[in-house]
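Computed from heavy atoms alone, side chains included, the values below leave out hydrogens, waters and symmetry copies. In what follows, chains are A, B, ... by sequence order, proteins preceding strands, each numbered from 1.
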Protein chains: 2
Amino acid sequence: MINQAIHAITEPRRRDILYLVRDGELTSSAIASHFDISAPAISQHLKVLEEAGLVVVRRAGTKRFYGLRREGFAELKQYIESFWDDSLIRLKEAAEEEERRNHESKPQQ
Amino acid sequence: MINQAIHAITEPRRRDILYLVRDGELTSSAIASHFDISAPAISQHLKVLEEAGLVVVRRAGTKRFYGLRREGFAELKQYIESFWDDSLIRLKEAAEEEERRNHESKPQQ
DNA sequence: GCTTTATTTAAGTTGACACTTAATTAAGTG
DNA sequence: CACTTAATTAAGTGTCAACTTAAATAAAGC
């Protein structure tokens with residue numbers, strides 16, 4: 001799922017779509033009106049975003065309202081942050097290990 | 001730069017490379033030994049990561065040590081977070097606007 | 001200065017994927 | 001039930017980028 005989410009935000013146009021829907025729900029055609037690509041193209045992007053868990057659809061008659069799915073976004077945020085945090089922890093550990101080694105021998109080039 | 005960073009972490013193998021170098025510097029060939037793709041392929045990935053500001057190189061003789069560039073990562077984290085935070089603010093505003101409208105008329109389907 | 005080691009650049013191939021138009025589904029509406 | 005509206009699925013096309021092998025660079029070692 002997280003891999004799908006990252007893949008989804010790969011495409012700049014999909015990020016633009018996320019920017020549009022984060023303020024509130026929009027129909028597929030309302031979203032399409034902001035771009036100069038065809039409606040099917042938008043529909044395909046929306047499908048990718050939906051499958052990645054980043055947007056949700058609400059059907060109302062012939063219309064389909066797309067909105068941001070906050071949980072999906074939270075996961076994405078989590079992923080980036082955990083990468084970052086783990087990195088800091090590991091950096092600290094590495095520095096300590098380095099410190100220990102320096103008391104025994106010279107560091108190699 | 002932020003677009004380059006997002007593009008850079010798009011590719012799963014590049015994320016794997018970031019995982020490898022976040023513990024400490026590694027040479028191009030040391031990184032390559034973890035994958036079953038050619039050295040030039042790794043070199044090309046490293047170039048993308050470097051241009052995105054996510055890794056830095058330190059040259060030592062014929063070797064090149066690649067390491068994580070923390071500032072680059074901070075920017076990426078910032079981007080995701082700002083998207084998220086702005087979203088919450090805008091959601092709150094939208095909810096208030098909705099509230100106001102509900103005192104006048106029924107919401108349309 | 002030739003050879004080795006580490007890595008990159010060059011050039012070409014292949015597969016994925018972001019589009020297109022045309023056809024299809026699905027829900028109202030006269 | 002034909003017609004309109006909203007959107008999707010289908011099918012095909014072109015571009016890009018992730019790989020490949022081969023050639024080039026660049027520093028060190030003999």
task = Quickly work out the B:H7 NE2 to D:dA17 C1' distance and round it to whole Å.
result = 7 Å
remark   = Paired to C:dG28 by Watson-Crick or G-U wobble criteria (both distances under 3.5 Å) is D:dC3
message = Distance check needed: D:dA18 P versus B:I17 CD1, whole Å only.
response = 11 Å
inquiry  = Please determine whether residues A:V57 and A:M1 belong to a single hydrophobic cluster, defined as Ile, Leu, Val, Met, Phe, Trp and Tyr linked transitively by side-chain heavy-atom distances below 4.5 Å.
reply    = no
request  = Check whether any side-chain N or O of B:S43 sits under 4.0 Å from OP1 or OP2 of C:dT7, and answer yes or no.
outcome  = no
task = Treat each ILVMFWY residue as a node, draw an edge where side-chain heavy atoms are under 4.5 Å apart, and state whether A:L26 and A:F35 are in one component.
result = yes
task = Give the rounded distance in Å between these two atoms: CD of B:E51 and C1' of C:dT9.
result = 13 Å
request  = Find out whether A:E81 and B:E81 are in side-chain contact, i.e. whether some heavy atom of one side chain is under 4.5 Å from a heavy atom of the other.
outcome  = yes
Presence of B:Y66 side-chain N/O under 4.0 Å of C:dA6 phosphate oxygens OP1/OP2 = no
key: Integer-rounded Å distance: C:dA18 P and A:R15 CZ   = 12 Å
task = Indicate, with a heavy-atom threshold strictly under 4.0 Å, whether A:F35 touches base, sugar-phosphate, or nothing.
result = nothing
query = Where along nucleotides 20-30 of chain D does protein come under 4.0 Å, by heavy atom, of base (B) or sugar-phosphate alone (S), with - for untouched nucleotides?
reply = BBB----BS--
query = With the 4.5 Å side-chain cut-off for hydrophobic clustering, are B:L18 and A:I80 part of the same group?
reply = yes
query = Can you check side chain to side chain contact (heavy atoms under 4.5 Å, CB included) on A:Y66 and A:I31, steps first, answer last?
reply = CA-CA 9 Å; A:Y66 284 88; A:I31 293 165; 4.2 Å; yes
key: Atom-pair distance (CZ on A:F65; P on D:dT8), nearest Å   = 13 Å
query = Do the side-chain N or O atoms of B:S28 get closer than 4.0 angstrom to the phosphate oxygens (OP1, OP2) of C:dT8?
reply = yes
